[in-house]
Structure formats: structure tokens, C-alpha cells
Amino acid sequence: MESPRSFLQPPTYGNSITILSIDGGGIRGIIPGVILGFLESELQKLDGEDARLADYFDVISGTSTGGLVTAMLAAPNDKNRPLFAAKEIKDFYLDNCPQIFPQETHLMLGQAEKLIKAVTGPKYDGKYLHNLLKQKLGETKLHQTLTNVVIPTFDIKLLQPTIFSSYALKHHPSLDALLRDICIGTSAAPTYLPAHKFQTEDSDGSVKEFNLIDGGVAANNPALVAMNHVTKEVSQGNSDFFSIRSQEYTRFIVLSLGTGTAKEEGKYDAEQAAKWGILGWLTSGGSTPLVDVFSQASSDMVDFHLSTIFQTLQSEENYLRIQDDTLTGDLASVDVATEENLQNLVKVGENLLKKPVSRINLQTGVFQPLNKGTNEEALKRLAETLSKEKRLRDLRSPTSHVPKRQK
């Protein structure tokens, strides 16, 4: 299962472990796409136009739509470079979301028909997405990614999370699935897209079956999952990592990107929810309250946990969470893929770059400015940090510029 990796040397030759995490959120994946395009452009200013995000992050982790972005950034093309430049993510969403989430069919349905469809099957058949990922990712498997990836899913048959992690392959070779199957699985949001079943076969002929739904059920914000997998590697003595004592978690550098949330006052309240049965929890307010609740709770709790850790260790600058909690109406949906709404999401991402660096207040649920400049300025600082880290590893490594596979 050997394959070339990117030119990023292992963390043992540097000072930090770098992690990029991308939340789930359907069409709102455009928002982190815009953010990542900006970050990669800053890296290119420092290190040349061929610079790609996979050359700087030890781990890229994504859930649902974030899993798609992860694969786009980490899967190899025929020249063994990332399949997509970050600036191409935006156009990928603009071009394909209207076909993944076709609007005309549902515009013609009455409310009663929508309720029946919500009970009898998923809103979309997923065929376009399946064909698209087959075309883009082909036969690429998990072990072939250009940097380590961590993509959460949930196995509905086992009723437990299944994490597709580059690090886990040496102990669990059955996880070496086709990237397209992993992406389809992590994107199979309940009520929106159908669950995905597939099998893998080990070199000894052992067959493993997967029955997957959206990874957001387990970890809509996968940053903590990614850190957990790295920490496990360190504890098991992986030679690619320096040893980390409990007080040295400051050596993690984490960029966590949200896909935007709705903080509409009065969108839901207890008086409404008290009257909901199954249909109410699945189809109220023009969206799916149950999905909104578990995805939002997962994302915010991870953010709150990591923010607390980095603040306690006096290394808050090592954790950057970029999220917009002001979305309303169609902007807050996961599937309103009209041209107007998609273009408006692009503007959300562009405007988010100009907003102040913020952190969630768990008491109010509102993001509060930290007096640390704008997100754009923070990303420029991060680009400088990532570039310096990469150069340091190149300088210290005896195999500088020779791609190295995780041992």
C-alpha cells in the first residue's frame, strides 16, 4: 500500500503538528472553499505558485461536505499533485450543486407531497453525486492521499462512528476504501441523501462491509477527532512525531473552518418543538430541525472545548476557528442550490475574511470578537507560520524534498 506523499516532511523535523479541519454543511461548503482559496494564495506568495495546502498540513480532516473538500485537496492527480487547487473549490460547488440538489423537482411539489416524500425516502437520489465522485476520484484509495486525512462517518448497521483515517490503516487495513465511497458515505445526510453501502477486501481476502450515513451524526466539526488520531500516533511511538507531554499541546497548530450557521432569533422555540412529532422534527421552518440541532451542537461543543484548551495553555494563537453565525433564510440551508443562493454564499465567504477573529460564547451561542484583527489578517499570519514550519522541516530532514510515506 505504499504511495508517494507530498513534500511536507514529518513533524519530528519541525516544531509543530499542523491540522486543517472542515465542518459539514452541504452547499455551504462554498464558504470554507473561499477561505481556503485565500490561504493557499498567501502560501503561494511566500513559496511559489505550485504551493498547495497538502504541502503544509500534516492532517486534513473533514465531515460531510468537508470530507469532499478534504478529498479534493488531498487526492493525487496524474502528476501526483493535489487534484484541486483550493481556488477551484468554489467553482466546483457552483457548477455541481444545482445537479446534486436539483431544485425544480421540489419547487413543483405541494406541501403535502413534500411531507410524504420526507417520510418515504430521501429528498435527493444522490446519483449525480455518485457519478461525479467516480469521475473525479476514480479508483483512488485512502492510502494514496498526499497528506494524512481523517474523515468521520457513521455506520448505521453497527450504530457507531467509523473514522477513515490514514493513521489507522496499518492496524485496520479494511479501512483502505475508495475515496469516492468514503465521500459518498460521509455526505449521506439523513433525509437528504441515501445511506451508502460498500465493501472492502484485504490482501488476505477478508471482506469488510460498511453501511454509512453522514459523519455529522458523530462529528460535524472533526477537529477534535483529527487531534485524537495524531495523539494516538504519538502515544504509540510513531517515529514521524516528536514526543508530546501533556503541557506541550501548544505544539498543535489548528485551523478549523465552519460552514456557517443560522442564529435566527425565533427560528425554533420550545413552544413549537413541544408540538412536533416525527414530521415536525424532520420538516419545520423550511428545514430539518433534527439535523440542525445535532450538527450545530457537535460543532459548537468541539469549538468550545478546543478554545478552552488552547486558552488554558496560553497558546490561543495556535487555534483559529473561522465561522459565520449570522446566516438567515436560504443561506442557512444545506440544499437550496439556486444560482442566486450559491453566489450569495460566495459573498458570505468573502465577507467572512473581513470580519474580526471571533470565538463562541457558549452562554449566549454568539461569536464574540477577540481583538486580534480580521480573519484575513489571521490567515496571513498562519501562512507565514506554515511556511516557516515547512522550511524548518526541510532544513532538518536528511531526505529533504523526497516524499515520504507514513510508517
Side-chain angles (χ1 to χ4, degrees), residues 2-22 32-62 66-89 92 137 140 142-151 165-167 179 223 226 229-230 233 240-242 251-257 318 320 378-407:
E2 291 296 313
S3 73
R5 287 270 176 162
S6 74
F7 288 2
L8 180 61
Q9 299 299 316
T12 191
Y13 298 119
N15 289 334
S16 303
I17 299 170
T18 55
I19 296 175
L20 167 62
S21 173
I22 309 155
V34 172
I35 304 298
L36 292 171
F38 176 81
L39 175 60
E40 192 169 88
S41 71
E42 290 300 309
L43 289 167
Q44 289 168 348
K45 291 177 185 178
L46 296 168
D47 297 331
E49 63 181 15
D50 292 333
R52 296 290 184 268
L53 293 175
D55 300 331
Y56 297 87
F57 286 100
D58 295 305
V59 189
I60 302 179
S61 183
L68 297 183
V69 174
T70 296
M72 293 164 72
L73 297 174
N77 62 18
D78 56 5
K79 296 179 180 178
N80 208 49
R81 293 297 288 147
L83 189 61
F84 284 79
K87 66 182 180 181
E88 297 172 324
I89 295 172
F92 175 88
L137 297 174
T140 302
L142 178 60
H143 79 272
Q144 294 174 285
T145 56
L146 294 172
T147 189
N148 298 291
V149 301
V150 176
I151 301 177
S165 165
S166 302
Y167 296 119
L179 270 182
H229 277 251
V230 170
E233 288 299 301
D240 278 353
F241 294 91
F242 42 72
R251 299 179 80 170
F252 282 98
I253 295 176
V254 180
L255 172 61
S256 176
L257 301 181
N318 286 21
L320 177 60
L379 288 168
K380 288 180 179 180
R381 294 193 295 268
L382 176 61
E384 292 175 357
T385 299
L386 293 172
S387 179
K388 290 177 182 177
E389 174 69 16
K390 186 177 186 301
R391 292 176 187 178
L392 177 64
R393 295 187 192 185
D394 286 345
L395 182 65
R396 291 177 174 176
S397 171
T399 58
S400 179
H401 298 302
V402 177
K404 187 173 182 180
R405 176 71 173 103
Q406 181 75 27
K407 294 180 180 179

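Everything numeric in this text was worked out from a predicted model, so none of it was measured.
Of all heavy-atom pairs spanning Ile151 and Gly67, the tightest one is CD1-O, 4.2 Å. Nearest heavy-atom pair, Gln9 versus Asp394, reported as atom, atom and distance to 0.1 Å: CG-OD1, 3.6 Å. In this structure, Arg52 and Gln44 approach most closely via the heavy-atom pair NH1-NE2, 3.1 Å. Residues Ile19 and Ala226 approach most closely at CG2-CB, 3.9 Å, considering heavy atoms. Taking all atoms of both residues into account, the shortest heavy-atom contact from Pro82 to Leu146 is N-CD1, 3.2 Å. The heavy-atom pair separating Ser165 from His229 by the smallest distance is OG-ND1, 3.1 Å.
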Give the C-alpha distance, both sets of side-chain angles, the deciding distance and a yes or no for side chain to side chain contact (heavy atoms under 4.5 Å, CB included) between Leu39 and Leu20.
CA-CA 11 Å; Leu39 175 60; Leu20 167 62; 5.8 Å; no
I'd like to know whether Phe92 forms a side chain to side chain contact (heavy atoms under 4.5 Å, CB included) with Val69, so could you lay out the CA-CA distance, the side-chain angles of the two residues, the decisive distance to 0.1 Å, and finally the verdict.
CA-CA 10 Å; Phe92 175 88; Val69 174; over 6 Å; no
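Panel note: side chain Glu389, backbone Ser16; a donor-acceptor pair is recorded below 3.5 Å. Remark: the backbone N or O of Thr18 is paired with a side-chain donor or acceptor of Asp58 at under 3.5 angstrom. A distance-only check finds a donor-acceptor pair linking the side chain of Ser166 to the backbone of Val149 [under 3.5 Å]. Between the Arg81 side chain and the Asp78 main chain, no donor and acceptor come within less than 3.5 Å of each other. With hydrogens and angles ignored, the 3.5 Å screen pairs no side-chain donor or acceptor of Ser21 with any backbone N or O of Ser256. Here the side chain of Thr140 pairs no donor or acceptor atom with the backbone of Leu179 at under 3.5 angstrom. Glu42 contributes no side-chain N or O that, together with a main-chain N or O of Ala383, makes up a donor-acceptor pair within less than 3.5 Å. Between the side chain of Thr70 and the backbone N or O of Gly66 there is at least one donor-acceptor pair closer than 3.5 Å. Counting only distance, with no hydrogens or angles, the side chain of Glu40 and the backbone of Leu53 share a donor-acceptor pair below 3.5 Å.
Here the straight-line distance linking atom CE of Met72 with atom CD of Glu88 works out to 8.0 Å at 0.5 Å rounding. Note that CG of Asp47 and OH of Tyr56 are 3.5 Å apart. Values are rounded to the nearest 0.5 Å. A distance of 7.5 Å separates CG in Leu320 from CG in Leu257, rounded to the nearest 0.5 Å. Atom-to-atom distance recorded for Thr385:OG1 and Leu379:CG is 11.0 Å, nearest 0.5 angstrom. The CD1 atom of Ile60 sits 8.5 Å away from the CG atom of Leu36 when rounded to the nearest 0.5 Å. Atom OG1 of Thr145 sits about 11.5 Å away from atom CG of Leu73, to the nearest 0.5 Å.
With salt bridges taken as basic N to acidic carboxylate O contacts below 4.0 Å, none links Lys380 and Glu384.
By the 4.5 Å heavy-atom criterion applied to side chains, Leu8 and Phe57 are not counted as neighbours. In this structure, Asn318 and Phe252 have side chains that are not in contact, with every pair of non-hydrogen atoms separated by 4.5 Å or more.
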